Amino acid sequence: MGCAISGLEAKGEFGERTTEDAAATPSEPQIQMIKESWKVIRDDIAKVGIIMFVRLFETHPECKDVFFLFRDVEDLERLRTSRELRAHGLRVMSFIEKSVARLDQLERLEALALELGKSHYHYNAPPKYYSYVGAEFICAVRPILKEKWTSELEEAWKTLFQFVTGLMKRGYEEEGDRQRELAASPKERPDKRNTAI
């Protein structure tokens, strides 16, 4: 039960882009391919969400540590029928749907992805796991799209996920910096009671 792309992100073939090209966005033809394929994918979003996360936990069991509810679940069959996993899968698929809808409004997509990265800081979900989700999404949707799946479409989805995960990483890091600054601030501020003349 493998997908050739599942392990690629660990080898750097799917992971985030370098700083120089981190802002690379999908091209106009890629955007159109993504939107067209999404029309088919969205009919199976609950199924894709579950497949994506079960595969994620199969290929990267260390990811379960980020999910409190699934941390100790060893039985992947139990995960397939988990209401909580279904709900989380639907939330992720909803984010993907919003991302697709915002491809023509990149500033809105950027804001959405940055905010998601910031919230992941509070969930203790570090950026090293973000690209795994994109790889498993691709593996989950390939059979749904059947003959419509092409190497160009795969590259378009990879580009979208690399763009979004790069922004999420930036949001995560910004929130980490902000939280460290907040934690340090009271110690570094002079005591106001002692500075009044």
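Worth saying up front: this structure is predicted, and the values here are computed from it rather than measured.
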Novice: Take W149 and I144, measure what side chain to side chain contact (heavy atoms under 4.5 Å, CB included) needs, and give me the verdict at the end.
Specialist: CA-CA 9 Å; W149 189 261; I144 291 169; over 6 Å; no
Novice: Taking all heavy atoms of R80 and all of V54, pick out the closest pair and write down the distance.
Specialist: NH1-CG1, 3.1 Å
Novice: Can you confirm whether E154 sits close enough to T150 that some side-chain heavy atom of one is under 4.5 Å from a side-chain heavy atom of the other?
Specialist: no
Novice: Would you say the ring centers of Y130 and F161 fall short of 6.0 Å from each other?
Specialist: no
Novice: Salt-bridged, E174 to R170, with N to O below 4.0 Å?
Specialist: yes
Novice: How many angstroms lie between atom NE2 of H88 and atom CD1 of I50, to the nearest 0.5 angstrom?
Specialist: 12.0 Å
Novice: As an exercise, state the distance from CG of L103 to CG of L160, rounded to the nearest 0.5 Å.
Specialist: 5.5 Å
Novice: How many angstroms lie between CG in L85 and CG in L90, if you round to the nearest 0.5 Å?
Specialist: 9.5 Å
Novice: How long is the straight-line distance from CZ of F137 back to CG of L56, given to the nearest 0.5 Å?
Specialist: 14.0 Å
Novice: Within the supplied structure, the quantity of interest is the number of heavy atoms (other residues, nucleotides, ligands) at a distance under 6.0 Å from R83 CZ; does it exceed 12?
Specialist: no
Novice: Taking everything shown except K47 itself, do over 12 heavy atoms lie less than 6.0 Å from its NZ?
Specialist: no
Novice: Within this structure, what is the CZ-CG distance for the pair F67 and L79, rounded to the nearest 0.5 Å?
Specialist: 10.5 Å
Novice: Hey, what do you get for OG (S131) to CE (M168), rounding to the nearest 0.5 Å?
Specialist: 10.5 Å
Novice: Please check if any side-chain donor atom of T59 sits under 3.5 Å from a side-chain acceptor atom of E136, or the reverse.
Specialist: yes
Novice: Is there a chain of hydrophobic side chains (I, L, V, M, F, W, Y, each step under 4.5 Å between heavy atoms) that links I51 to M93?
Specialist: no
Novice: Taking distance alone, no hydrogens or angles, what donor-acceptor pairs closer than 3.5 Å link side-chain atoms of residues 109-126 to residues at least two apart or in another chain?
Specialist:
from : atom 1 : to   : atom 2 : distance (Å)
S119 : OG     : L116 : O      : 2.8
H120 : ND1    : L116 : O      : 2.8
H122 : NE2    : E175 : OE2    : 2.7

Novice: Quick check: closest heavy atoms across D177 and R180, and the distance to 0.1 Å?
Specialist: OD1-NH2, 2.7 Å
Novice: More than 12 heavy atoms of other residues, nucleotides or ligands under 6.0 Å from CZ of R102: yes or no?
Specialist: yes
Novice: Using the side-chain contact (heavy atoms from CB on, under 4.5 Å) criterion, which residues pair with E84? Sequence neighbours excluded.
Specialist: L69, F70, S82
Novice: Is there a side-chain contact between P29 and Q32, using heavy atoms and a 4.5 Å cut-off?
Specialist: no
Novice: Side chains of residues 33-45: which donor-acceptor pairs under 3.5 Å do they make with residues two or more places apart or in other chains?
Specialist:
from : atom 1 : to   : atom 2 : distance (Å)
K35  : NZ     : D104 : OD1    : 3.4
K35  : NZ     : D104 : OD2    : 2.1
E36  : OE2    : K39  : NZ     : 2.9
S37  : OG     : M33  : O      : 3.2
S37  : OG     : I34  : O      : 2.9
S37  : OG     : W157 : NE1    : 3.0

Novice: Under a 3.5 Å distance rule, please check whether Q30 uses its side chain to pair with a backbone N or O of S27 as donor and acceptor.
Specialist: yes
